[in-house]
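Taking it in order: structure first as structure tokens, then the write-up.
All residue numbers in this chain count up from 1 along the given sequence.
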Amino acid sequence: MCTMRYLRSCRFLVILIFTIGISTLIYRLHSINRNLIVHSKNILSNKINKRLHLLRQQFSHVNFSMLLYRSSSNQSQSITYRCREWCGGWGDRLRGITSTFILAVLTQRRFYIDMPYPCELTKFLIPNLYDWQPIEYDKSNRKTLYIEATVDKQLKQKMYEKISSTNFLIEWSQFDDISIETASDYVTPALANKYLQNIVRLLNISSIESTQARLFPLLYEILFRPADHVMTMVDQLLIKLNNNKSVKKQLICLHIRIGKNPTMIYDEIRTYRETMVEDMIQFVDKNLTINNNSMIFITSDSMKVNQDILDRYNTTNQSISIPGPIIHIDRLSSLYSSDERCTGFLKVISDFYVLGECDTLIMARSGFSEWASRRRYLIGQFNQLYLYCRGIYQITGHQWKRPYNIC
Ligand SMILES: *[C@@H]1O[C@H](CO)[C@@H](O)[C@H](O)[C@H]1NC(C)=O
Ligand SMILES: *[C@@H]1O[C@H](CO)[C@@H](O)[C@H](O)[C@H]1NC(C)=O
Ligand SMILES: *[C@@H]1O[C@H](CO)[C@@H](O)[C@H](O)[C@H]1NC(C)=O
Ligand SMILES: *[C@@H]1O[C@H](CO)[C@@H](O)[C@H](O)[C@H]1NC(C)=O
Ligand SMILES: *[C@@H]1O[C@H](CO)[C@@H](O)[C@H](O)[C@H]1NC(C)=O
Ligand SMILES: *[C@@H]1O[C@H](CO)[C@@H](O)[C@H](O)[C@H]1NC(C)=O
Ligand SMILES: *[C@@H]1O[C@H](CO)[C@@H](O)[C@H](O)[C@H]1NC(C)=O
Ligand SMILES: *[C@@H]1O[C@H](CO)[C@@H](O)[C@H](O)[C@H]1NC(C)=O
């Protein structure tokens with residue numbers, strides 16, 4: 001092939017092949033190296049796979065092909081969970097997302113999540129078994145229904161009644177795309193709506209499981225997987241539990257949400273929480289066995305509380321937390337730079353994943369830690385689970401009711 005005539009190009013070809021060969025070799029060596037690094041640290045990733053495996057077993061009777069069905073056409077009808085401003089904290093958003101997802105499943109529409117606020121969600125969470133990433137398509141000639149039911153109390157109530165007890169699918173069928181802003185539970189009422197029973201039956205969810213609280217762990221895992229940033233952040237923390245090869249340390253977690261404070265100047269004031277910090281510390285010191293085999297993890301909405309807890313257990317090298325600025329992802333003071341919004345959101349998501357791995361979890365009343373506690377599948381959802389509600393109470397199971405409504 002390499003005649004004189006083509007010598008120039010031939011030489012070029014030889015060099016090219018040689019270069020490709022060397023690059024491939026370097027790349028291989030590099031990825032072997034990278035795999036080794038990842039291998040020693042993919043603690044969270046392993047836990048997520050294990051959890052999904054358990055969930056698949058527990059919900060093996062559920063019609064997964066229906067849950068995961070997603071039309072491949074980008075022209076198909078859709079439902080989008082939309083969060084561009086005023087959509088609540090991470091707890092509210094998870095409620096809204098899983099609600100909207102179920103509505104998409106029941107209407108066999110494509111499901112998207114549109115959340116660039118306070119920083120693009122896909123930097124931290126990526127689709128797991130269901131691809132919800134929004135795509136650009138030609139929206140002319142398409143009819144869109146906008147439902148904005150997060151803030152307005154009356155609208156919220158109306159929407160809830162509609163989902164509970166009307167055949168809203170008839171109205172919705174006129175629209176190509178439906179955009180929903182909500183922080184409400186529509187999972188429970190939609191599954192109980194008598195007009196939807198023909199479709200609901202296909203899902204084959206048992207009646208006891210037909211609530212948002214019960215289905216949350218499954219729906220969350222179907223939708224989300226942490227992006228590399230989050231994996232690294234959480235692994236760096238979890239690896240500290242394994243630094244003594246002979247014993248795995250117990251992870252004791254505190255979520256201390258006090259409400260409006262110098263760190264969160266725009267947050268709402270929360271009552272009955274004046275002595276929460278002292279009460280929680282006293283509980284940890286008196287009721288829990290704190291020894292060299294336990295670590296205390298803290299996440300809080302107050303920089304001061306966060307530091308106080310870190311200092312208190314730092315003398316014995318037992319306190320850990322995810323680094324980063326403490327922000328409320330919805331009540332953004334204009335003081336945050338766009339970089340802080342992103343690192344703050346990264347911390348929120350990372351904290352959420354850590355809370356799912358706690359051997360003992362003490363929560364303030366908050367959707368954030370409540371949803372996180374539902375992910376404690378590998379430990380047991382109700383294993384050593386406590387709630388601060390004008391005092392500390394142990395949550396014993398799904399039926400447990402907190403002693404006060406406001407706390
Ligand atoms: C539906 O779920 C029940 C358990 O709740 C199970 O016995 C049954 O086999 C399931 N049906 C299908 C078609 O998978
Ligand atoms: C699962 O759902 C699909 C609809 O997506 C339906 O065609 C199928 O019959 C269902 N399977 C069972 C066992 O009910
Ligand atoms: C939408 O689908 C059409 C046809 O399948 C394809 O040509 C187009 O690139 C798709 N658009 C996007 C944004 O995926
Ligand atoms: C590891 O834990 C064991 C059992 O508690 C203890 O005896 C040993 O000293 C620990 N090793 C280190 C390096 O801390
Ligand atoms: C923890 O370990 C230190 C030495 O590393 C030891 O002095 C101390 O007594 C241990 N505390 C408990 C509660 O085991
Ligand atoms: C904990 O104490 C060590 C010294 O023992 C110090 O270097 C470190 O900064 C402290 N960490 C925190 C979070 O206060
Ligand atoms: C605290 O932990 C760090 C890293 O986990 C270790 O390097 C250091 O020696 C520990 N200090 C004490 C006092 O145990
Ligand atoms: C904590 O311990 C005290 C006794 O020391 C006990 O009365 C209380 O019930 C315990 N709290 C919980 C939530 O177990």
**Prompt:** What do you reckon, are the aromatic ring centroids of Y393 and Y388 less than 6.0 Å apart?
**Reply:** no
**Item:** S184 backbone acceptor or donor facing S99 side chain under 3.5 Å
**Value:** yes
**Item:** Within 45° cone and under 6.0 Å: R51 NZ/CZ vs Y377 ring
**Value:** no
**Prompt:** Is the backbone of S71 close enough, under 3.5 Å, to the side chain of R110 for a donor and an acceptor to pair up by distance?
**Reply:** yes
**Request:** Please determine, by modelled atom types, if T263 and N261 share a side-chain donor-acceptor pair under 3.5 angstrom.
**Result:** yes
**Message:** Using a strict threshold of under 4.0 Å (side-chain N to carboxylate O), is an ion pair present between D177 and R142?
**Reply:** yes
**Request:** Sort and list the pairs that fulfil side-chain hydrogen bond (donor to acceptor under 3.5 Å, both in side chains) and have at least one residue in residues 146-160, not counting sequence neighbours.
**Result:** Q157-E161
**Request:** Verify, without hydrogens or angle tests, whether T360 (side chain) and I252 (backbone) share a donor-acceptor contact under 3.5 angstrom.
**Result:** no
**Request:** Look at R109 together with D176 and state whether they make a salt bridge at an N to O cut-off of under 4.0 Å.
**Result:** no
**Asked** Taking the six-membered ring for Trp, is the centroid-to-centroid distance between F368 and H255 below 6.0 Å?
**Response** yes
**Message:** Quick one: does any side-chain atom of N293 pair with a main-chain N or O of K249 as donor and acceptor, under 3.5 Å?
**Reply:** no
**Prompt:** Parallel, tilted or perpendicular: which describes the rings of Y220 and F352, with under 30° parallel and over 60° perpendicular?
**Reply:** tilted
**Message:** Do R84 and Y117 form a cation-pi contact, if we require the NZ or CZ to be under 6.0 Å from the six-membered ring centre and within 45 degrees of the ring's axis?
**Reply:** no
**Asked** Does a salt bridge link D301 with R257, judged by any charged N lying under 4.0 Å from a carboxylate O?
**Response** yes
**Asked** Below 4.0 angstrom, N of the basic side chain to O of the carboxylate: do E209 and R214 qualify?
**Response** no
**Request:** Take the angle between the ring planes of F168 and W172 and call it parallel below 30°, perpendicular above 60°, tilted in between.
**Result:** perpendicular
**Message:** Over 60° means perpendicular and under 30° means parallel, so tell me whether F224 and W90 are parallel, tilted or perpendicular.
**Reply:** tilted
**Request:** Would you please indicate yes or no on a ring centroid separation below 6.0 angstrom for F283 and Y386?
**Result:** yes
